[in-house]
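A short write-up of the structure that comes next.
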Amino acid sequence: MMNRIDLAFKKGQIEKRPLLITYTVCGDPNKKKSLEILKSVSEHVDIAELGFPFNCPQADGPDIQNSTYRAIENGINMKQIFELVKNYKRYKNSKPLILMGYYQIIFHYGEKKFVKKCKEVGVDGLIVVDLPWPDNKNFAKLCKKNSICFVQLIAPTTTKKRMKLIIKDSHEMVYQISMISTTGKKLKVSAKEIIRNNKIIKRINPKKNVVVGFGITKKTISSLKECDGLVVGSAICKAISASLKSRQNPVIKLNKMVKFLKNKII
Amino acid sequence: MKIKRGIPLIDQHDKNGFYGGKFGGNYVAETAIQPIKDLSNLFEKLRRDKKFLKLKDHYFKNYLGGETPFFKLENLTNYLGGAQIWCKDVSAIHGQAHKGYHATVNALICKAAGKKYIVGDTGAGMFGKNLAMAARELKLKCKIFMGTKDIKRQAPNVKFMKDAGAEIIPVDTGSATLVDAVSECMRYYVSNCDTTHLAVGSAIGANVFLKICAYSTAQISKELKTQVIEEFGEIPKMKLVNVIGGGSSAIGFWSEFIDYPKKHVELIGVEAKYCAPLTTNAKLAILHGAAQYCLTDKNGQIKETHSISAGLDYPGVSPLHCFLKDTGRARYCSASDEQALAAFKLVTKLEPSVKPSLEPAHCLHEVIRLAPKLNQDEIIIYNNCGHAYKDQKIIKDRIGYFPS
Ligand SMILES: Cc1ncc(COP(=O)(O)O)c(C=O)c1O
């Protein structure tokens with residue numbers, strides 16, 4: 001059976017365009033609004049990444065941190081996050097959903113319980129920033145067993161030898177970190193270099209869908225169209241912060257922004 | 001879970017970096033994996049390299065000032081009327097705290113790696129100050145991450161860092177203390193790991209960072225062992241009492257004595273009351289790249305802590321201490337702000353030559369509690385790991401004076 005994430009990539013291949021993947025933090029700016037944002041942007045995105053907040057993150061830049069702190073201040077927890085995902089998944093326009101976060105929250109919840117709950121509410125994939133290969137082998141297997149795609153990460157610092165091993169253990173989707181950075185920094189490498197790295201990864205196994213994230217904005221997105229998918233995170237969190245500051249409705253603002261991003265890559 | 005004899009504690013991890021199968025590890029972002037692997041290979045090479053060891057010893061002797069004193073606290077001993085109380089006065093080191101050892105070794109490693117930039121976290125400002133000074137000594141560019149709350153309360157050290165030419169990056173997230181400074185510093189490393197060496201301020205973090213730290217502070221117990229044998233003609237039955245923040249001073253104070261039976265050399269760690277994961281049976285959690293006992297809330301978020309001592313204001317603790325606790329080799333207890341201040345008052349009144357900073361003042365509380373219950377032939381050694389100059393204002397505000 002084909003996973004919903006795989007189906008999304010098939011669609012992209014047929015339409016000859018990269019997938020648009022957005023990242024928002026669950027509970028930002030509050031629980032109700034974050035579900036509304038998720039539903040609203042689903043009109044344009046292909047896969048939705050949803051962050052589960054952790055207050056000592058190792059790879060989040062300031063924009064995602066702001067979103068995270070807002071969500072934590074609102075008292076968000078995994079129980080509420082799973083409920084929200086369940087609600088979202090009932091929505092007719094819902095897209096494949098990937099939960100993303102740090103291992104402490106999963107560890108605290110209990111690995112097995114966490115994955116079981118993911119399956120129950122309809123989570124399609126998981127990204128765990130600080131559970132690198134090979135330490136994630138058992139957890140990735142557990143995900144696979146429960147039809148959840150465990151997304152392996154590859155960075156510019158990853159050696160070719162390691163890349164091959166990671167890809168061997170990867171599922172439908174692989175995440176290429178564009179540059180040596182936390183999220184939300186300006187792209188400090190050229191699109192050409194990112195695409196060159198992307199091709200190196202693709203050549204190892206052309207069947208894997210390799211998406212690129214970190215530093216992707218309205219300005220940079222069109223230069224990376226050749227990739228299988230593009231993740232926009234900080235730019236979106238930043239827009240939520242901005243809309244709160246100017247007392248605009250983030251739902252409307254985000255819908256417009258995501259539509260704009262989509263138009264840049266089709 | 002068991003400690004192996006004859007193998008340094010820092011080397012008792014499995015291939016994934018876990019002590020006792022569950023403490024430590026390498027919970028880091030993929031971007032940092034290869035740089036950390038490179039650092040680990042370099043460190044393992046350097047610690048077996050005669051030239052590097054000579055260089056390290058040269059800096060320890062000529063830059064940090066060589067062996068720190070070991071002496072009896074006669075007045076305190078007589079006053080309490082029990083065990084003999086001895087002091088290993090690490091605060092006599094250039095840099096005035098044990099942080100000088102791992103700051104210097106990190107700067108030397110940075111140099112050996114061919115990197116020009118070094119970054120580190122600090123709470124009390126002791127590691128920040130020592131790293132800034134070591135960086136100046138070795139002509140490295142240095143950034144120090146420090147919580148804004150700590151920048152205010154440890155102002156004398158902020159001045160030292162600035163004077164040494166370091167850039168201070170204020171961290172205003174979360175509780176604006178050490179835990180946030182470490183998070184921000186590690187994030188900076190993820191963004192700059194190709195050019196920058198990360199020096200972690202305590203025996204915490206991914207495997208190689210805690211190893212470098214504990215390897216360096218081990219100098220304390222190497223000296224102590226010689227001094228104790230010189231004084232007593234043998235290793236007598238003794239208790240080694242040390243404060244625990246992240247645990248770098250304690251691990252360095254104890255490392256040469258791990259293989260002695262507990263009844264012979266007892267190891268006692270003292271945490272700050274509201275930052276006491278080991279004393280309060282906190283849950284295992286993943287923080288700053290390692291699994292450790294750590295204060296968390298019901299949702300698994302890392303808890304905010306409160307201590308008068310910036311160096312102890314941290315929710316987690318070194319995986320090495322978790323290992324020592326669960327194997328029963330060391331025991332841990334805690335002291336409150338008030339107890340630390342009362343201990344400071346008593347000790348500085350009786351022993352004008354020692355000026356413990358608020359961190360070691362915490363373990364003096366336990367020393368004062370224990371000593372009267374023991375016989376006069378029993379020996380307590382306490383690590384005076386930091387000098388009080390940095391806490392002058394806090395102490396004056398709280399007890400009304402600062403001893404001259
Ligand atoms: C003098 C002194 N002692 C102790 C500590 C606590 O850290 P650790 O337990 O790593 O020695 C600090 C931290 O800044 C310190 O400055």
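All values reported here derive from a predicted model rather than from experimental measurement. All values below were derived from every heavy atom in this structure, side-chain atoms included, with hydrogens, water molecules and symmetry-related copies excluded.
- Contact annotation for I105(A): only side-chain heavy atoms (C-beta onward) come within less than 4.5 Å of a heavy atom of chain B.
- Contacts between I180(A) and chain B at a heavy-atom distance below 4.5 Å involve backbone atoms as well as side-chain atoms.
- In K208(A), the NZ atom is crowded: over 12 heavy atoms of neighbouring residues, nucleotides or ligands sit closer than 6.0 Å.
- N77(A) has its side chain out of reach of K298(B): every pair of non-hydrogen atoms, C-beta onward, lies at least 4.5 Å apart.
- In the displayed structure, Y274(B) atom OH is contacted under 6.0 Å by at most 12 heavy atoms of other residues, nucleotides or ligands.
- Only the backbone of I76(A) comes within contact range of chain B, with at least one heavy atom under 4.5 Å from a heavy atom of that chain.
- For a residue to count as touching a neighbouring chain, one of its non-hydrogen atoms must lie under 4.5 Å from one of that chain's; by this rule K79(A) does not touch chain B.
- In Y69(A), the OH atom is crowded: over 12 heavy atoms of neighbouring residues, nucleotides or ligands sit closer than 6.0 Å.
- Residue with the most contacts toward chain B among T157(A), V129(A), I72(A): T157(A) (heavy-atom pairs, distance under 4.5 Å).
- For the pair N55(A) (side chain) and Q301(B) (backbone), a donor-acceptor distance under 3.5 Å is absent.
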Subject >> T296(B) vs Q104(A), side chain to side chain contact (heavy atoms under 4.5 Å, CB included): CA-CA, chis, key distance, verdict >> reply: CA-CA 10 Å; T296(B) 51; Q104(A) 160 58 12; 3.7 Å; yes

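- Both the backbone and the side chain of P57(A) have a heavy atom closer than 4.5 Å to some heavy atom of chain B.
- Residues of residues 26-43 of chain B that come within less than 4.5 angstrom of chain A, heavy atom to heavy atom, are N26(B), Y27(B), V28(B), A29(B), E30(B), T31(B), I33(B), Q34(B), P35(B), K37(B) in numerical order.
- When atom types are taken as modelled, the side chain of S191(B) and the backbone of T182(A) share a donor-acceptor pair closer than 3.5 angstrom.
- Atom NZ of K211(B) has more than 12 heavy atoms from other residues, nucleotides or ligands within 6.0 Å.
- Side-chain atoms of H108(A) and I286(B), non-hydrogen and from C-beta on, never get closer than 4.5 Å to each other.
- Note that CG of L287(B) and CZ of F54(A) are 6.0 Å apart. Values are rounded to the nearest 0.5 Å.
- Residues L284(B) and F107(A) share a closest heavy-atom pair of O-CE2, 3.3 Å.
- Residues of residues 160-169 of chain A having a heavy atom under 4.5 Å from any heavy atom of chain B, listed by number: R162(A), I166(A).
- Applying the side-chain hydrogen bond (donor to acceptor under 3.5 Å, both in side chains) definition to pairs two or more places apart or across chains, those involving residues 230-242 of chain A are R70(A)-S241(A).
- Screening residues 171-184 of chain B for side-chain hydrogen bond (donor to acceptor under 3.5 Å, both in side chains), with sequence neighbours left out, gives T148(B)-D172(B), S175(B)-T177(B), S175(B)-D180(B), S183(B)-H288(B), E184(B)-R187(B).
- Heavy atoms from other residues, nucleotides or ligands lying under 6.0 Å from NZ of K188(A) number more than 12.
- Applying the 6.0 Å contact sphere to NZ of K303(B) captures no more than 12 heavy atoms from other residues, nucleotides or ligands.
- Heavy-atom pairs under 4.5 Å with chain B peak, among L131(A), T158(A), N136(A), at T158(A).
- Using a 4.5 Å cut-off between heavy atoms, Q152(A) does not touch chain B at all.
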